[in-house]
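Keep in mind that what you see is a predicted model, and the values were worked out from it rather than measured.
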Amino acid sequence: MSGRLSAAHREVFRTLADVWLPAVGDMPSASDAGVVEMLDRILDLRRDALPEIVRGLDAVSGMAPQAALHWLQTSDVVAYTELKLAILGAYYLNADVMDRIGYPGQQSRPVDPEQATDFLEADLLAPVLKRGSIWRRAPG
């Protein structure tokens with residue numbers, strides 16, 4: 001995937017990312033969290049976003065970052081959204097960022113069928129049980 005984005009694309013991506021996610025308190029900026037280095041991983045997961053990301057980066061190349069984001073948000077919402085999702089996705093995949101916000105990542109939580117689950121204890125199924133059975137016969 002790395003051959004699909006030029007060094008110039010990556011630099012524009014970095015500058016936009018740092019405007020969206022600057023260093024604040026003990027949280028690193030987007031570039032300090034390695035969003036550019038994670039970009040290939042993001043694009044491997046979201047190959048469908050590549051054309052919009054490239055289009056957006058090409059359109060704002062040479063603009064000041066704030067002006068670029070404003071232009072994207074008002075002129076190409078799809079590219080704006082895909083860029084934002086790529087930046088946020090890369091940022092929150094960073095192990096240090098995950099640690100700092102207390103997110104352990106996806107974890108397996110086996111269910112013990114002998115124990116009541118949260119939805120039973122909270123009586124979340126009561127309206128469904130009160131309503132009674134509702135179903136439709138499948139066609140054919």
### Task
Kindly work out whether a path of hydrophobic side-chain contacts (I/L/V/M/F/W/Y, heavy atoms less than 4.5 Å apart) joins V36 to L85.
no
### salt bridge (Lys or Arg N to Asp or Glu O under 4.0 Å) pairs, two or more places apart, involving residues 59-71
none
#### Entry: Those residues that, when tested against D58, pass side chain to side chain contact (heavy atoms under 4.5 Å, CB included) (two or more places apart)
H9, V54
### Task
Quick one: list whatever passes side chain to side chain donor-acceptor pair (under 3.5 Å) with D32, sequence neighbours left out.
S29
### Common cluster, I101/L88, ILVMFWY with side-chain heavy-atom separation under 4.5 Å
yes
## Note on the structure
All heavy atoms of M38 vs all of A90, minimum pair found to be CB-CB, 3.7 Å
### Query
Are the side chain of Y103 and the backbone of V97 linked by a donor-acceptor contact shorter than 3.5 Å?
no
### Query
From D40 CG over to D44 CG, what is the distance, rounded to the nearest 0.5 angstrom?
6.5 Å
### Query
Measuring from L57:CG to E82:CD, what's the distance to the nearest 0.5 Å?
11.5 Å
Give every donor-acceptor pair under 3.5 Å between a side-chain atom in residues 61-77 and any protein atom, sequence neighbours left out.
| unit_1 | atom_1 | unit_2 | atom_2 | d |
| --- | --- | --- | --- | --- |
| W71 | NE1 | S75 | OG | 3.4 |
| T74 | OG1 | H70 | O | 2.9 |
| T74 | OG1 | W71 | O | 3.3 |
| S75 | OG | W71 | O | 3.2 |
| D76 | OD1 | R55 | NH2 | 3.0 |
| D76 | OD1 | A79 | N | 3.1 |
| D76 | OD2 | R55 | NE | 2.6 |
| D76 | OD2 | R55 | NH2 | 3.2 |

### Query
Does anything in residues 131-140 pair up under side-chain hydrogen bond (donor to acceptor under 3.5 Å, both in side chains), and if so which pairs, sequence neighbours excluded?
none
### Task
Quick one: list whatever passes side chain to side chain contact (heavy atoms under 4.5 Å, CB included) with L45, sequence neighbours left out.
none
### Query
What residues join V78 in its hydrophobic cluster, counting side-chain heavy atom gaps under 4.5 Å, either direct or through other members?
none
### Message
The test is side chain to side chain contact (heavy atoms under 4.5 Å, CB included); show your working for L39 and E37 and say whether it passes.
### Response
CA-CA 6 Å; L39 183 54; E37 293 78 13; over 6 Å; no
### Task
Could you pull out all residues at least two apart from E52 that satisfy salt bridge (charged side-chain N to carboxylate O under 4.0 Å, His left out)?
none
### Query
For the hydrophobic clusters of this structure (ILVMFWY residues joined by side-chain heavy atoms under 4.5 Å, transitively), does one cluster hold both Y80 and I42?
no
### Message
How about CD on Q106, more than 12 heavy atoms from neighbouring residues, nucleotides or ligands closer than 6.0 Å, or not?
### Response
no
### Summary
When rounded to the nearest 0.5 Å, the distance separating CZ of R41 from CG of L93 is 5.0 Å
### Message
Using every non-hydrogen atom in the two residues, find where F13 and A86 come nearest and quote the distance to one decimal.
### Response
CE1-CB, 4.1 Å
Could you list the donor-acceptor pairs under 3.5 angstrom formed by side chains in residues 14-21, with sequence neighbours left out?
| unit_1 | atom_1 | unit_2 | atom_2 | d |
| --- | --- | --- | --- | --- |
| R14 | NE | E11 | OE1 | 3.2 |
| R14 | NE | E11 | OE2 | 3.2 |
| R14 | NH1 | D18 | OD2 | 3.3 |
| R14 | NH2 | E11 | OE2 | 2.5 |
| T15 | OG1 | V12 | O | 2.9 |
| D18 | OD1 | A30 | N | 3.3 |
| D18 | OD1 | S31 | N | 2.8 |
| D18 | OD1 | S31 | OG | 3.1 |
| D18 | OD2 | S31 | OG | 2.6 |

